[in-house]
K.L.:
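Have a look at this one before I ask anything.
Chain letters run A, B, ... following the sequence lines, proteins first, then strands; residues in each count from 1.
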There are 2 protein chains.
Amino acid sequence: MRFGLRHIRYFIAVAEELHFRRAADRLCIAQPALSRAIRFLENDLEVQLFDRSTRSITITPAGQTFFEGCLKVVNSVEHLVENTRQVDEGQIGALQIGYTDTAISGVLPSRLKEFQDLHPGINLKPHHDVTTTQLDKLDQGILDVGFVTGPVTRPGYEQCTIQSERFVCVVYDSHPLAPRGTLRLEELSGESIVHGASNEWQHFHSHLIPMCRRAGFELRIAQEAYNTAGILGLVACGMGVTLLTGSVRNALIPGLTVLELEDVDEELQTMAIWRADAANASQSFFADFLMHARLEAPAL
Amino acid sequence: MRFGLRHIRYFIAVAEELHFRRAADRLCIAQPALSRAIRFLENDLEVQLFDRSTRSITITPAGQTFFEGCLKVVNSVEHLVENTRQVDEGQIGALQIGYTDTAISGVLPSRLKEFQDLHPGINLKPHHDVTTTQLDKLDQGILDVGFVTGPVTRPGYEQCTIQSERFVCVVYDSHPLAPRGTLRLEELSGESIVHGASNEWQHFHSHLIPMCRRAGFELRIAQEAYNTAGILGLVACGMGVTLLTGSVRNALIPGLTVLELEDVDEELQTMAIWRADAANASQSFFADFLMHARLEAPAL
DNA sequence: AGCGCATGATGCCCTTTTGGCATCAATTCT
DNA sequence: AGAATTGATGCCAAAAGGGCATCATGCGCT
C-alpha cells in the first residue's frame with residue numbers, strides 16, 4: 001500500500017466527475033498527471049476502479065466501494081486536523097478539577113459554570129478530595145487544578161484566592177447557645193467539638209488549633225467525621241458543636257443553627273492551585289480565567 | 001493540508017516509540033528523514049505534536065489527540081483496501097434476485113442456501129415478481145438474476161433450467177373429482193377455472209392455453225387472483241379448480257386435493273436468467289454456480 | 001466514408017519531495 | 001572532563017509528481 005491521501009483525493013474527484021479532464025480542472029492539475037495518479041492507485045490496489053472506453057468512464061463495483069470509503073477517510077482526516085488544532089488551542093480538552101467541601105459549597109460551582117460558558121469545548125471533571133489528597137494528585141498529574149484550603153506554599157505552583165470566609169459555629173437548635181445568634185469563641189471551651197478526621201482535615205485544623213489556643217482552650221475533637229455532611233449530621237443529632245465557615249449555610253440540614261463568632265476576624269481562604277509549567281492549553285485558559293476573575297470575586 | 005498517509009504512519013511510529021531513532025529503525029528509514037517528516041507534519045498542521053528536549057520527547061495533548069485519530073485513519077484505510085479487493089474478487093457484494101411463486105415453492109430456496117454457504121460475503125436480496133416484471137427489471141439492471149417461468153428467448157442473456165415440473169390440477173376436497181387421485185385434462189372442460197391475472201401470468205398461460213386446446217376445450221378463467229396463494233384461496237372456498245405445477249404441494253392450505261394429469265407429459269420449466277455481459281464478480285460467481293449445479297439438479 | 005472533435009494514454013523533461021550520509025548541538029552518564 | 005546518546009541540520013542523490021506536447025481511439029456530423 002504505497003498510495004497516499006493525494007491519490008485518494010484525486011480518485012474522489014474522478015469518481016464524482018466521471019471525467020478525467022473535468023476532475024483535473026477541479027484539482028488544478030493537468031489531465032495526464034491525474035490519469036497517471038489513478039493508474040498508479042489501481043496498480044497499487046491491484047483493483048480496477050474504472051471501466052474506461054476512450055469516450056467515457058464508469059466506476060466498477062469495487063471502485064464504488066472504494067469511493068464510499070475514501071469519502072469517509074478524507075472526512076475523518078479533516079475532522080482529525082480540526083480537532084487536533086482545537087486541542088492545541090485549548091478550545092477542547094479536559095480538566096481534572098479537585099475540590100473540597102468548603103470550596104464546593106461556596107463560589108466554586110458558579111465559577112465553574114462561568115468558565116464552562118466561556119469554553120464549552122472543555123470538559124470539566126470534578127473530583128472531591130481533601131486538600132492534602134489534592135496536592136498529591138496535582139504532583140502526580142492526576143489533577144490539573146485543585147480548589148483547596150489555604151494557605152499552601154508549593155514551589156512550582158501558581159495559585160490565587162477564590163474565596164475568603166469568616167469562621168462560624170454550628171450548633172443543634174436545642175443547644176443553650178442557639179438562641180444567642182452570636183458568641184465568643186472562648187464560650188466553646190467546655191463544649192464537645194465535632195469535626196473532620198485530623199489527618200485529612202489538617203489544613204482546616206491548622207486554623208482552628210491556634211485560634212482556640214488564643215481563645216484560651218485546646219481544640220479537642222470529641223467526634224470525627226469524614227466530610228461536612230457527616231460533621232453536620234453528628235451535630236444535628238446532638239453529638240456536639242462544630243466550627244466551619246460561612247458557606248456552610250448553603251449546606252445546612254434541618255435542626256441546625258449557625259452562630260457568628262464575635263471575636264474571630266481571621267478568615268479561611270479557599271485557593272485555586274495549579275502547576276506553573278502547565279503545558280496544556282486548557283489549563284492555561286483556566287488559569288487565566290481564575291487570575292482575571294478573582295478581581296471581581298465578592299467576599300463571602 | 002499537504003501531509004499524506006506516509007506522514008501519518010511515520011507519526012504513529014514516533015508517537016508509539018517516543019524515540020526518533022527507534023521509530024526510524026522500525027520504519028526502515030534514516031532518523032534525519034523521520035525528523036524532517038515530523039517537522040513537516042507539525043508545520044503543516046500548525047500544531048506542535050511533540051515536546052522535544054535533546055535527550056527525549058513527550059507527546060503533547062494535541063499530539064495525543066492526533067495520534068488516536070491517526071490510528072483510526074490508518075485502520076480504516078487498511079480495511080477499505082481489504083474491502084475493495086474483496087468486492088473486486090466478488091467475495092463480498094450484493095445480488096438482486098427475482099423469483100416467481102413457482103420458483104420459490106420449488107428448489108430455489110435450497111439452491112440459494114447452497115450458494116450462500118459457498119459465498120457468505122455475498123448478500124442475496126430476493127424480490128418477488130412475475131416473469132414479465134422480472135425480465136423488465138433485468139433489462140433495467142434492477143435485478144441481477146431472475147428465476148422465471150420458461151421458455152424465454154432474450155438476446156444478450158444466459159439462462160439455465162433449474163427445475164422442471166409436471167402440471168397438476170388442484171381441487172377443493174368436496175369436489176366430485178377429488179377422490180379420483182388422477183384425471184384426464186379433458187375432464188376439466190366444464191369446470192370453472194381459477195387462475196392468475198392474464199397479463200401478469202402470461203408465461204404460465206402460454207403453456208395452459210395450447211394444452212387445453214389439445215384436450216379439446218378453450219381455457220377460460222372464471223376467477224382471477226394475483227399469486228399462487230390467492231389462487232389456492234379461491235379454490236379452497238369452492239370458486240373452482242386450478243392448474244398449477246407439482247411444487248404447489250409445498251404451499252398447500254387445508255381443504256385442497258392435488259390430482260395428477262394422466263394425459264399431460266409436458267412440463268413447466270423454471271429458468272434462471274441473467275445478462276451475459278455481467279461485469280459484477282458476484283454475478284459471475286452466481287452464474288458459475290447455476291451452470292455447474294444444474295448438472296446435479298434432481299428433476300421434481 | 002471521411003473529417004473533426006473529444007477523451008484518455010504516453011513520452012519527455014523539469015520541479016518538488018523524500019531519503020541517506022555526515023555532522024552538529026545539547027544533554028546525560030561515567 | 002570525556003564518552004555516549006539524542007534529535008536537528010546541511011548537502012546531495014533518488015524518486016515521485018506534474019506540465020506540455022502528442023498519440024490513439026471512438027463518436028458524431030456532413
Side-chain angles (χ1 to χ4, degrees), chain A residues 1-60 62-64 66-67 70 74 77 277 279, chain B residues 1-60 62-64 66-67 70 74 77 277 279:
Chain A
M1 205 203 305
R2 309 184 40 68
F3 67 90
L5 288 180
R6 194 166 30 81
H7 295 99
I8 290 181
R9 294 207 187 89
Y10 287 7
F11 170 74
I12 289 175
V14 176
E16 285 179 350
E17 301 284 350
L18 286 177
H19 196 290
F20 276 76
R21 194 183 47 73
R22 278 201 301 275
D25 287 350
R26 197 172 106 182
L27 294 165
C28 299
I29 60 169
Q31 167 265 316
L34 183 57
S35 273
R36 273 186 304 237
I38 299 298
R39 191 161 289 284
F40 175 89
L41 184 59
E42 289 182 323
N43 284 335
D44 195 34
L45 289 171
E46 303 173 297
V47 169
Q48 192 171 338
L49 299 171
F50 296 104
D51 283 320
R52 299 152 165 86
S53 81
T54 48
R55 292 291 292 182
S56 67
I57 57 174
T58 49
I59 195 161
T60 62
Q64 185 63 34
F66 191 64
F67 172 62
C70 282
V74 168
V77 169
D277 63 350
Chain B
M1 205 203 306
R2 311 183 39 70
F3 68 89
L5 288 180
R6 193 170 33 84
H7 295 99
I8 289 182
R9 295 207 185 85
Y10 287 7
F11 171 74
I12 289 175
V14 176
E16 284 179 351
E17 300 286 350
L18 286 178
H19 196 288
F20 276 76
R21 195 183 47 72
R22 278 201 303 274
D25 287 350
R26 198 171 106 181
L27 295 165
C28 298
I29 60 169
Q31 167 264 315
L34 183 57
S35 273
R36 272 187 303 238
I38 299 299
R39 191 160 289 283
F40 174 89
L41 184 59
E42 290 182 322
N43 285 335
D44 195 33
L45 289 171
E46 302 173 296
V47 169
Q48 192 171 337
L49 299 170
F50 294 106
D51 284 320
R52 300 153 165 85
S53 81
T54 47
R55 291 293 289 183
S56 68
I57 58 175
T58 49
I59 195 161
T60 62
Q64 184 63 34
F66 190 65
F67 172 62
C70 283
V74 167
V77 169
D277 63 350

K.L.:
What contact category does Phe50(A) fall into here, base, sugar-phosphate, or nothing, at under 4.0 angstrom with non-hydrogen atoms?
P.N.:
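Result for Phe50(A) = nothing.
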K.L.:
Whole angstrom is fine here: how far is it from CD1 in Ile29(A) over to P in dA16(D)?
P.N.:
17 Å
K.L.:
In whole angstroms, how far is the P atom of dA16(D) from the CZ atom of Arg2(B)?
P.N.:
18 Å
K.L.:
What residues, two or more places apart in sequence or in another chain, satisfy side-chain contact (heavy atoms from CB on, under 4.5 Å) together with Ser56(A)?
P.N.:
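For Ser56(A), the residues satisfying side-chain contact (heavy atoms from CB on, under 4.5 Å) (neighbours in sequence not counted) are Ser53(A).
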K.L.:
Among all residues two or more places apart in sequence or in another chain, which pass the side-chain contact (heavy atoms from CB on, under 4.5 Å) test with Ala62(B)?
P.N.:
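side-chain contact (heavy atoms from CB on, under 4.5 Å) check on Ala62(B) returns Thr84(A), Val87(A), Asp88(A), Val47(B), Thr60(B).
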K.L.:
Rounding to an integer number of Å, can you tell me how far His7(A) NE2 sits from dG18(D) C1'?
P.N.:
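So the two atoms are 12 Å apart, to the nearest Å.
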K.L.:
Atom CZ of Arg6(A) to atom C1' of dT16(C): distance rounded to whole Å?
P.N.:
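Going from CZ in Arg6(A) over to C1' in dT16(C) covers 11 Å.
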K.L.:
Could you check whether Tyr10(B) gets within reach of a base, just the sugar-phosphate, or nothing at all, counting any heavy atom under 4.0 Å?
P.N.:
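Sugar-phosphate: the residue Tyr10(B), judged by heavy atoms under 4.0 Å, touches backbone atoms but no base.
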K.L.:
What pairs with Arg52(B) under salt bridge (Lys or Arg N to Asp or Glu O under 4.0 Å), at least two apart in sequence or on another chain?
P.N.:
Glu42(B)
K.L.:
Quickly work out the Asp25(B) CG to dG20(C) C1' distance and round it to whole Å.
P.N.:
14 Å
K.L.:
Which nucleotides of nucleotides 3-11 of chain C have their base under 4.0 Å from a protein heavy atom (B), which only their sugar-phosphate (S), and which neither (-), written as one string 5' to 3'?
P.N.:
--BBBBBBB
K.L.:
Return the set of residues passing side chain to side chain donor-acceptor pair (under 3.5 Å) with Arg39(B) (not counting sequence neighbours), or none when no residue passes.
P.N.:
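With sequence neighbours excluded, Arg39(B) shows a side chain to side chain donor-acceptor pair (under 3.5 Å) to no residue whatsoever.
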K.L.:
Can you tell me how far C1' of dT17(C) sits from CG of Leu41(B), to the nearest Å?
P.N.:
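Result: 15 Å.
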K.L.:
Just distance, no hydrogens or angles: give the donor-acceptor pairs under 3.5 Å from side chains in residues 20-28 of chain A, sequence neighbours left out.
P.N.:
{"residue": "Arg21(A)", "atom": "NH1", "partner": "Asp25(A)", "partner atom": "OD2", "Å": "3.3"}
{"residue": "Arg22(A)", "atom": "NE", "partner": "Glu17(A)", "partner atom": "OE1", "Å": "3.4"}
{"residue": "Arg22(A)", "atom": "NH2", "partner": "Glu17(A)", "partner atom": "O", "Å": "3.3"}
{"residue": "Arg26(A)", "atom": "NH1", "partner": "Glu16(A)", "partner atom": "OE1", "Å": "3.1"}
{"residue": "Arg26(A)", "atom": "NH1", "partner": "Glu17(A)", "partner atom": "OE2", "Å": "3.1"}
{"residue": "Arg26(A)", "atom": "NH2", "partner": "Glu16(A)", "partner atom": "OE1", "Å": "2.8"}

K.L.:
Heavy-atom distance under 4.5 Å between the side chains of Leu5(B) and Val74(B), does that happen here?
P.N.:
no
K.L.:
Whole angstrom is fine here: how far is it from CG in Asn43(A) over to C1' in dG17(D)?
P.N.:
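Rounded to the whole Å, the gap is 16 Å.
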K.L.:
Could you check how far CD1 of Ile38(A) sits from P of dG17(D), rounded to whole Å?
P.N.:
12 Å
